[in-house]
Amino acid sequence: MLAEDEHLSEASDRNAVFLSALCAGPRDLAGFQDTDFVIVGCGGLGSQIAVQLAALGAHNFFLVDGDRIDESNLNRLTWATRQDVGQLKTDRLASYLSSRFSATVLTLPEFATGSEAVRLIMAYARNPFLVLAGDNASLARQFLTAYHAFSAAFPPYLHVGYVGAHCIAGPLVARPDDACPFCNSAAEVANDSGFVAPSALANNALIAGFAVSQIAMERLTRRSILCGHRWLFDLRTGRAGLRSISKHPECKVCHP
């Protein structure tokens, strides 16, 4: 919050003000703008993160998703219209990002299920940061197993999504000693009594806002509170918190 004697002029760069408040000390803004943000899963949550990153100044995107826009998606895809039903999500989101934010966008209209998707991403993304926002945990497990096996010096990534009544963001994996989403069964959350969180615009925006702040922090300062942690927001109680995740030496995903 600004002090009483401070104000923002009309010419102020709101993004710079936000990033200054978020990341005290030295900031690698050029590194953030030069990152190739790979969005794996371009539904309501993944696309919301892509839009927020673009609004914050990100220039380069690689969109991965084989799904098409359905009429039921329109209540949470703010960039799609009824005329887009049946079109590939990657194509329509790419058009929106390029026209609205002048972003450079590549697309892979396939489901990221294994080594071939990893190979294509690594071939086209020069400086990648991956956002895993797909709906299927088993596909995420397959993809990450292939991803960790691809190279010991893998690029950083963040896992986001829903588990039962919880909105989740994290862990953010940036170093070999960081726990992956499946270490110690980290993807499991306590019994949710049958309640399943709906994928709604409000929920997606909530998760995306927190995720984007942590992505920006990692890109600018190489630090994030989501390294070794998962953020959980319980929609039933309104309570949020961080859960620690420890690296498991026998994890079949990050030690394939």
query = Going hydrophobic residue to hydrophobic residue with side-chain gaps under 4.5 angstrom, can you get from Tyr147 over to Phe111?
reply = no
Interatomic distance, CG@Leu93 vs CD@Gln48, rounded to 0.5 Å, equals 10.5 Å
Output for pair (Leu226 CG, His159 NE2), nearest 0.5 Å, gives 12.0 Å
Indicate yes or no: does Glu218 engage Arg223 in a salt bridge with an N to O separation below 4.0 Å. no
d(Asp34 CG, His59 NE2) to nearest 0.5 Å is 9.0 Å
| said: Is there a path of hydrophobic side-chain contacts, each under 4.5 Å between heavy atoms of I/L/V/M/F/W/Y residues, joining Leu201 to Trp79? | reply: no
For the pair Gln214 (side chain) and Ile225 (backbone), establish whether a donor and an acceptor sit closer than 3.5 Å, ignoring hydrogens and angles.
-> yes
Shortest non-hydrogen pair, Ile39 vs Ala50, comes out as CG1-CB, 4.1 Å
Quick one, Ile69 and Arg92 - any side-chain contact, counting heavy atoms below 4.5 Å? yes
(Q) Could you check whether any side-chain heavy atom of Val131 comes within less than 4.5 Å of a side-chain heavy atom of Tyr157, counting everything from C-beta outward? (A) no
> Hey, is Lys89 close enough to Asp84 for a salt bridge, meaning N to O under 4.0 Å?
Replying inline: no
| So do Phe210 and Phe233 actually touch side chain to side chain, heavy atoms under 4.5 Å? | no
Exercise for the section: For Asn60 and Thr104, indicate whether the former's side chain and the latter's backbone hold a donor-acceptor pair under 3.5 Å. Expected result: no
Open item on the list: Checking Asp36 against Phe61 for the side chain to side chain contact (heavy atoms under 4.5 Å, CB included) test, could you report, in this order, the C-alpha distance in whole Å, the side-chain angles of both residues, the deciding distance, and whether it holds?
Closed with: CA-CA 5 Å; Asp36 296 318; Phe61 293 88; over 6 Å; no
Is the distance between the ring centroids of Phe37 and Phe32 under 6.0 Å?
-> yes
Inset, instruction - In sequence, state the C-alpha distance, the side-chain angles, and the governing distance for Arg219 and Leu53, and then conclude on side chain to side chain contact (heavy atoms under 4.5 Å, CB included). - result: CA-CA 12 Å; Arg219 293 287 80 193; Leu53 284 169; over 6 Å; no
The single option from Ile245, Val163, Val160 that satisfies side-chain contact (heavy atoms from CB on, under 4.5 Å) with Arg230 is Ile245
Nearest heavy-atom approach of His229 to Ser244 is CD2-CA, 3.7 Å
Checklist entry - Does the separation of the ring centres of His148 and Phe143 fall below 6.0 angstrom? => result no
Can a donor-acceptor pair be found, under 3.5 Å and without considering hydrogens, that links the side chain of His248 to the backbone of Glu250?
yes
Rounded to the nearest 0.5 angstrom, the OG1-CG distance for Thr107 and Leu63 is 7.0 Å
| field | Verify same cluster id: Leu45, Leu139 (apolar side-chain graph, 4.5 Å) | value | no
- Item | Exam field: side chain Arg76 to backbone Ser72, donor-acceptor pair closer than 3.5 Å | yes
_Donor-acceptor pair between Asn204 and Tyr162 side chains, under 3.5 angstrom_ = yes
Value for CD1 (Ile168) from CG (Asp234), rounded to nearest 0.5 Å, stands at 12.5 Å
For Met122 and Leu130, the nearest pair of non-hydrogen atoms, with its separation, is CE-CD1, 4.4 Å
Correct closest heavy-atom pair for Ala208 and Ile49 would be CB-CG1, 3.6 Å
On a heavy-atom basis, the closest approach of Gly66 and Leu88 is O-CD2, 3.9 Å
Exercise for the section: For side chain to side chain contact (heavy atoms under 4.5 Å, CB included), just list the numbers for Leu158 and Ile215, CA-CA rounded to whole Å, side-chain angles, deciding distance to a tenth of an Å, and then say yes or no. Expected result: CA-CA 8 Å; Leu158 172 67; Ile215 293 169; 3.7 Å; yes
Compile the donor-acceptor pairs under 3.5 Å between side chains in residues 174-183 and protein atoms, sequence neighbours left out, one pair per line.
residue, atom, partner, partner atom, Å
Arg175, NH2, Asp178, OD1, 3.3
Asp178, OD2, Ala174, N, 2.9
Asp178, OD2, Arg175, N, 2.9

Separation between CD (Glu116) and CD1 (Ile121), nearest 0.5 Å, reads 10.5 Å
Closest heavy-atom pair, Leu172 versus Phe129, reported as atoms and distance to 0.1 Å, is CD1-CZ, 4.0 Å
Would Ser47 and Leu77 count as a side chain to side chain contact (heavy atoms under 4.5 Å, CB included) here? Give the steps. CA-CA 8 Å; Ser47 66; Leu77 301 182; 3.7 Å; yes
| Hey, are the side chains of Cys254 and Leu144 touching, using non-hydrogen atoms and a 4.5 Å cut-off? | no
